[in-house]
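Here the structure is a predicted model, which means the values were calculated and not measured. All residue numbers refer to positions in the sequence shown, counting from 1. Values below: every heavy atom of this structure, side chains too, minus hydrogens, waters and symmetry copies.
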Amino acid sequence: MADGVVLVGLSGSGKSTLGSELAARLGRPFADTDELVRRRTGRAPAALIGHEGEPAFREHESAVIRELPDGAVVATGGGAIEDPVNRWRLWHHGAVAWLDAADETLAGRLVGGELRPLLGEDPLRGLGRLRERRLPFYRAADVRVDTSQPDALDRLSQLASPASTRRLFDADVPRHHPMGPTEARIVYGVDLPLPEVEGTPSVVVDRRVANLAPPGMRRLEIAAGEQAKRLRNLERILEWLTEVRHERGDPLVAIGGGTTGDVVGLAAALYARGVPWINVPTTWLAQADAALGGKVAVDLAGAKNAVGAFWPPVAVSADVAALRTLNQHQLRDGLAEAVKAAIIGDRALWQLLERRGRDALAGDEEARYAITEHAARVKLDIVGRDPFESGERRLLNLGHTIGHALEV
């Protein structure tokens, strides 16, 4: 892991001011991405956005992020981290600090300053809108520093180099279910530890990735694949939970691909009338789509997914490092799911697939991560608006209806 420092946050959070002071204190070079764009294009960011549009500005911003000097203290433009490729590079540059303060404080700092076109005519409302949109990225920083406090610079000076594990997306999303927590935590990143849990977890794991199950936990290994999604396998899991005296408040952890998540999620919905379920998807298809949304089911002889429920997980932890062991057939399955998401609703994902899809298949982890997060955000957005598939969510069935009919 590199030893730089990256400062992220909303406009007015103090990234440029504190960043230059921190660089001087640490004896490091200082890089302000907005200033680097200005030097590259001859225009201030606001003028560039007004003249060429925000997409053109973001392309220049990504270019300067690719060229950051090693070990630098970096002050990022507020929206730089919305692009998962930028975030991957920034988070691998070194320790990441989220600089923050109350929106009223931030808005007060912006009075009389340079134009901020992304905030609109009402800076306070604009800050609130951008905070909500960017919160999953800010939460993935190593530390949050309140810049309204006098010790902000001292706290930044004490930042330690981060561990190799990197959270890159960390969101709380509505579960849309009357039982259990009202929100689920969704984390995407690389080399992630398993989520922290309360109670005594029971782990059901695809035997091909049994090494990912933490030692010391009670666990059941199963064979994955569509053949695992049958009532006899569901019964086996339920009987095992009884044998190990799984309590209603204990989490049930699924580690594996989409079929593992389906059968274990349904077991979680049925056992003791519902126990907390944590999903750890290990295939690209599952990380891009199947692990999200809470539809769980098993098959009957003549009907796919005929016995099921809506039972959203309380947490999802998707680690792109788990994809390193997949073969090309499995990787193509996952990439196809990302193509589906791009067709449904993400032009930027389509362009990313065109530019770097082959790189992702060949092992480019940065490209894999960015493609996966884009696809997951499409799924989360649609499920958030239509959790029980009464309308818009049917878009996610693109190709599935005819595909399932052919399988049967």
Minimum heavy-atom distance between P84 and Y369, given as atom pair plus value | CB-CE2, 4.1 Å
Does R208 reach the main-chain N or O of A223 with its side chain, forming a donor-acceptor pair under 3.5 Å?
-> no
Side chains of L212 and V280: closer than 4.5 Å at any heavy-atom pair?
-> no
Salt bridge between K295 and E389, side-chain N to carboxylate O under 4.0 Å?
-> yes
Any donor and acceptor pair, going by atom type alone, linking the side chain of Q330 with main-chain N or O of N327 inside 3.5 Å?
-> yes
With side chains defined as the heavy atoms from C-beta onward, is the minimum distance between L326 and T282 less than 4.5 Å?
-> no
Does a salt bridge link E337 with K340, judged by any charged N lying under 4.0 Å from a carboxylate O?
-> yes
Please check if atom CZ in R248 has more than 12 non-hydrogen atoms from other residues, nucleotides or ligands closer than 6.0 Å.
-> yes
S62 vs N86, side-chain hydrogen bond (donor to acceptor under 3.5 Å, both in side chains): CA-CA, chis, key distance, verdict | CA-CA 6 Å; S62 295; N86 288 347; 3.0 Å; yes
pair V339-I343: side-chain heavy atoms closer than 4.5 Å = yes
Minimum heavy-atom distance between W277 and A254, given as atom pair plus value | NE1-CB, 3.6 Å
Please determine if R89 and E366 form a salt bridge, counting it only when a charged side-chain N lies under 4.0 Å from a carboxylate O.
-> yes
Could you check whether the rings of F137 and F169 sit parallel, tilted or perpendicular, using 30° and 60° as the cut-offs?
-> tilted
Does V187 reach the side chain of V316, with side-chain heavy atoms less than 4.5 Å apart?
-> no
Just by distance, with hydrogens left out, do D32 and S16 show a side-chain donor and acceptor under 3.5 Å apart?
-> yes
Salt bridge or not for R356 and D364, using N-O below 4.0 Å?
-> yes
Can you list the steps and then say if L48 with E54 is a side chain to side chain contact (heavy atoms under 4.5 Å, CB included)?
-> CA-CA 8 Å; L48 185 60; E54 186 180 356; over 6 Å; no
So which of R133, R87, R58 actually passes salt bridge (Lys or Arg N to Asp or Glu O under 4.0 Å) with E82?
-> R133
Flag yes if more than 12 heavy atoms outside W350 fall under 6.0 Å of its CH2 atom; otherwise flag no.
-> no
Is it true that a side-chain atom of R175 and a backbone atom of M179 form a donor plus acceptor pair closer than 3.5 Å?
-> yes
State whether the number of non-hydrogen atoms from other residues, nucleotides or ligands found under 6.0 Å of R273 atom CZ is greater than 12.
-> no
In Å and rounded to the nearest 0.5 Å, what is the OG1 to CG distance from T105 to D100?
-> 9.5 Å
In short, H176 meets F388 closest at the heavy-atom pair O-CZ, 3.0 Å
So, do T165 and V190 sit near enough that their side-chain heavy atoms are less than 4.5 Å apart?
-> no
Is T33 reaching over with its side chain to a backbone N or O of G77, donor-acceptor style, under 3.5 angstrom?
-> yes
If you draw a 6.0 Å radius around CD in E132, do more than 12 non-hydrogen atoms from other residues or ligands fall strictly inside?
-> no
Please step through side chain to side chain contact (heavy atoms under 4.5 Å, CB included) for the pair L220 and V203, ending with a clear verdict.
-> CA-CA 6 Å; L220 174 68; V203 178; over 6 Å; no
Do V204 and V253 have side-chain heavy atoms sitting under 4.5 Å apart?
-> no
Counting N and O atoms only, with roles assigned by atom type, does the side chain of K379 sit under 3.5 Å from a partner on the main chain of L292, one being a donor and the other an acceptor?
-> yes
dist H374:NE2 -> R347:CZ (nearest 0.5 Å) comes out at 13.5 Å
Does a side-chain heavy-atom distance below 4.5 Å link V263 with V296?
-> no
Would you please say whether a donor-acceptor pair under 3.5 Å links the side chains of S202 and H246?
-> yes
Evaluate salt bridge (charged side-chain N to carboxylate O under 4.0 Å, His left out) for D346 paired with R377, printing each intermediate quantity in order.
-> CA-CA 9 Å; D346 192 334; R377 284 160 62 181; over 6 Å; no
Charged N to carboxylate O under 4.0 angstrom, E365 versus R368?
-> no
When you look at CZ of R358, are more than 12 heavy atoms from neighbouring residues, nucleotides or ligands closer to it than 6.0 Å?
-> no
SB check R139 D170 (cutoff 4.0 Å) | yes
Is any side-chain N of the basic residue among R129 and D103 closer than 4.0 Å to the acidic one's carboxylate O?
-> no
Under 3.5 Å: donor-acceptor pair, side chain of D319, backbone of D191 | yes
Stepwise, does the side-chain hydrogen bond (donor to acceptor under 3.5 Å, both in side chains) test hold for T147 with R109?
-> CA-CA 12 Å; T147 59; R109 292 173 181 172; 3.1 Å; yes
Do F57 and E52 touch side chain to side chain, with heavy atoms closer than 4.5 Å?
-> no
Heavy-atom nearest pair, A286 first then G257, reads CB-C, 3.9 Å
Does the side chain to side chain contact (heavy atoms under 4.5 Å, CB included) test come out yes or no for W98 and V143, once each step is laid out?
-> CA-CA 6 Å; W98 168 23; V143 65; over 6 Å; no
Taking all heavy atoms of S11 and all of L127, pick out the closest pair and write down the distance.
-> O-CD2, 3.9 Å
First locate atom CD1 of I65, then atom CG of L90, and finally report the distance between them rounded to the nearest 0.5 Å.
-> 4.5 Å
What are the two closest heavy atoms between I222 and R236, and how far apart are they?
-> CG2-NH1, 3.7 Å
Check: Q287 main-chain N/O paired with Y188 side-chain donor or acceptor under 3.5 Å | yes
Using a strict 4.0 Å threshold on nitrogen-to-oxygen distance, state whether R25 and D154 make a salt bridge.
-> yes
Cationic N near anionic O, under 4.0 Å, K304 to E226 = yes
Take atom CD of E198 as the centre, draw a 6.0 Å sphere, and report whether it contains more than 12 heavy atoms from other residues, nucleotides or ligands.
-> no
Quick one: do R185 and E183 make a salt bridge, cutoff under 4.0 Å?
-> no
How far apart are the C-alpha atoms of R245 and D250, what are their side-chain angles, what is the distance that settles it, and do they pass the salt bridge (charged side-chain N to carboxylate O under 4.0 Å, His left out) test?
-> CA-CA 10 Å; R245 300 184 183 277; D250 293 338; over 6 Å; no
Could you check L68 against V6 for side chain to side chain contact (heavy atoms under 4.5 Å, CB included), going step by step and ending with a plain yes or no?
-> CA-CA 11 Å; L68 291 171; V6 177; over 6 Å; no
Side-chain donor/acceptor of S20 to backbone N/O of T17, under 3.5 Å | yes
Do the side chain of S148 and the main chain of A101 share a donor and acceptor less than 3.5 angstrom apart?
-> no
Is it true that a side-chain atom of W91 and a backbone atom of A140 form a donor plus acceptor pair closer than 3.5 Å?
-> yes
Do R230 and D299 meet the salt-bridge criterion of a basic N to acidic O distance under 4.0 Å?
-> no
Does a side-chain N-to-carboxylate-O contact under 4.0 Å join D142 and R167?
-> no
